[in-house]
Protein chains: 2
Amino acid sequence: MYKKKSKRLARYAKALSHPVRIEILKLLENESCCFTGDMVIVFPLAQSTISQHLKELKNAGLIQGELNPPKTKYCINQANWAEAKALLCDFFDVDFSKSTCSI
Amino acid sequence: MYKKKSKRLARYAKALSHPVRIEILKLLENESCCFTGDMVIVFPLAQSTISQHLKELKNAGLIQGELNPPKTKYCINQANWAEAKALLCDFFDVDFSKSTCSI
DNA sequence: AATACTAATCGTAATTTTACGATTTGAAAT
DNA sequence: ATTTCAAATCGTAAAATTACGATTAGTATT
């Protein structure tokens with residue numbers, strides 16, 4: 001049907017298609033890790049709604065949750081994050097392999 | 001509510017959240033321009049469905065249509081395309097300003 | 001004026017997304 | 001054994017997405 005790359009990219013893009021999910025990921029980028037409760041405080045949404053968005057990010061593979069009862073600690077799934085970045089850079093013709101060039 | 005950047009990025013990501021829209025954009029990247037009819041031939045979807053997807057890409061600002069009756073020629077909206085690229089690079093910490101460094 | 005052609009729009013159905021409150025789960029502390 | 005707490009799940013409603021066939025619009029051509 002569609003190309004594998006297109007499907008994977010669309011999948012990641014879908015995960016990024018809601019502002020709260022963008023901001024959750026930004027938070028995890030900065031803080032490296034976060035509890036669900038922290039996000040419920042930060043964002044003006046019900047706890048169940050935040051959980052739902054976290055589940056979607058997890059299903060898309062962008063984050064992973066580590067059980068730490070009664071809390072859950074979330075962080076970025078680095079492998080898939082890197083894949084998403086690579087797919088997007090490829091799509092937009094960004095040569096990210098040179099992005100560390102300092103000259 | 002949400003940060004302006006997050007909303008814009010989410011908007012662009014949403015446009016990219018369907019495989020056929022990814023492939024339409026790839027086609028436009030390669031061919032630089034395309035008629036609706038070309039895409040109807042390429043993709044296994046009804047003409048009305050393709051039109052719908054083109055409308056979404058147009059609403060998101062990623063493409064623009066030039067009336068050329070009875071045909072319509074679509075191409076990438078370079079300004080918004082650049083913005084989407086910049087927002088994504090910023091989000092993924094890719095320094096795309098250095099992407100042309102050849103050393 | 002009538003016809004032909006492309007593409008947009010309309011109407012519709014099925015599915016998915018988004019959001020919420022209420023309930024449940026599962027481990028820790030009392 | 002109960003209670004407590006965070007987080008997941010359930011049930012549900014409203015809205016949005018995706019897809020299709022049918023119709024309409026608008027320009028060229030005959």
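We name chains A, B, ... by the order of the sequence lines, and we start the count at 1 in each one. Since the structure is predicted, the reported quantities are computational estimates derived from the model, not experimental observations.
Mapping A:T49 and B:P44 onto DNA chain D via the closest heavy atom, the residue that lands nearer the 5' end is A:T49.
Residue A:L45 is classed as a sugar-phosphate contact, given heavy-atom separations below 4.0 Å to backbone atoms only. Counting any heavy atom pair closer than 4.0 Å across all strands shown, B:T72 reaches sugar-phosphate atoms only and no base atom. Within 4.0 Å (heavy atoms only), A:S51 reaches at least one base atom of the nucleic acid. Residue-level contact check: B:K14 touches the backbone only, with heavy atoms under 4.0 Å from sugar-phosphate atoms and none from bases. Nucleic acid contact class of B:K58 (heavy atoms, under 4.0 Å, all strands): none.
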Indicate for each nucleotide in nucleotides 22-30 of chain D, in 5' to 3' sequence, whether protein heavy atoms under 4.0 Å reach the base (B), only the sugar-phosphate (S), or nothing (-). B---BS---
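A straight line from CD of B:E66 to P of C:dT6 spans 18 Å, rounded to a whole angstrom. The separation between A:F43 atom CZ and D:dA7 atom C1' is 17 Å, rounded to whole Å. Atom-to-atom, CG of B:N68 to P of C:dT6 comes out at 13 Å; the value is rounded to the nearest Å. Atom CZ of A:R21 is separated from atom P of C:dA19 by 8 Å (rounded to the nearest Å). Note: CE (A:M1) to C1' (D:dT18) measures 11 Å, nearest angstrom. Computed from coordinates, the B:L57 CG to D:dT18 C1' distance equals 14 Å when rounded to whole Å. Atoms CD (A:E56) and C1' (D:dA8) sit 15 Å apart, rounded to a whole Å. For the pair A:K71 NZ and C:dA27 P, the computed distance is 17 Å after rounding to whole Å.
Remark: the backbone N or O of A:K3 is paired with a side-chain donor or acceptor of B:E23 at under 3.5 angstrom. In terms of modelled atom types and a separation under 3.5 Å, the side chain of B:S17 and the main chain of B:K14 share a donor-acceptor contact.
Both B:L27 and A:F92 belong to a common hydrophobic cluster when Ile, Leu, Val, Met, Phe, Trp and Tyr are linked at side-chain heavy-atom distances under 4.5 angstrom.
Of all nucleotides listed (D:dT9, C:dG21, C:dT9), D:dT9 comes nearest to the side chain of A:K55.
When all heavy atoms of A:K85 and B:D93 are compared, the pair lying nearest together is NZ-O, 4.5 Å.
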Exercise answer: donor-acceptor pairs, residues 62-82 of chain A side-chain atoms, under 3.5 Å, sequence neighbours excluded:
unit_1	atom_1	unit_2	atom_2	d
A:N77	OD1	A:A79	N	3.2
A:N77	OD1	A:N80	N	3.2
A:N80	ND2	A:G61	O	3.0

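Distances shown here put a side-chain N or O of A:Y74 below 4.0 Å from the OP1 or OP2 atom of D:dA8. Here A:H53 does not reach the OP1 or OP2 of C:dT17: none of its side-chain N or O atoms lies under 4.0 Å away.
Contact annotation: the side chain of B:D90 approaches that of B:K5 to within less than 4.5 Å [non-hydrogen atoms, C-beta and beyond]. No side-chain heavy atom of B:L25 sits less than 4.5 Å from a side-chain heavy atom of B:E29. The side-chain heavy atoms of A:L87 and A:Y12, taken from C-beta on, include a pair separated by under 4.5 Å.
Looking at A:Q52, its side chain comes within 3.5 Å of the base of C:dA19 through a donor and an acceptor atom.
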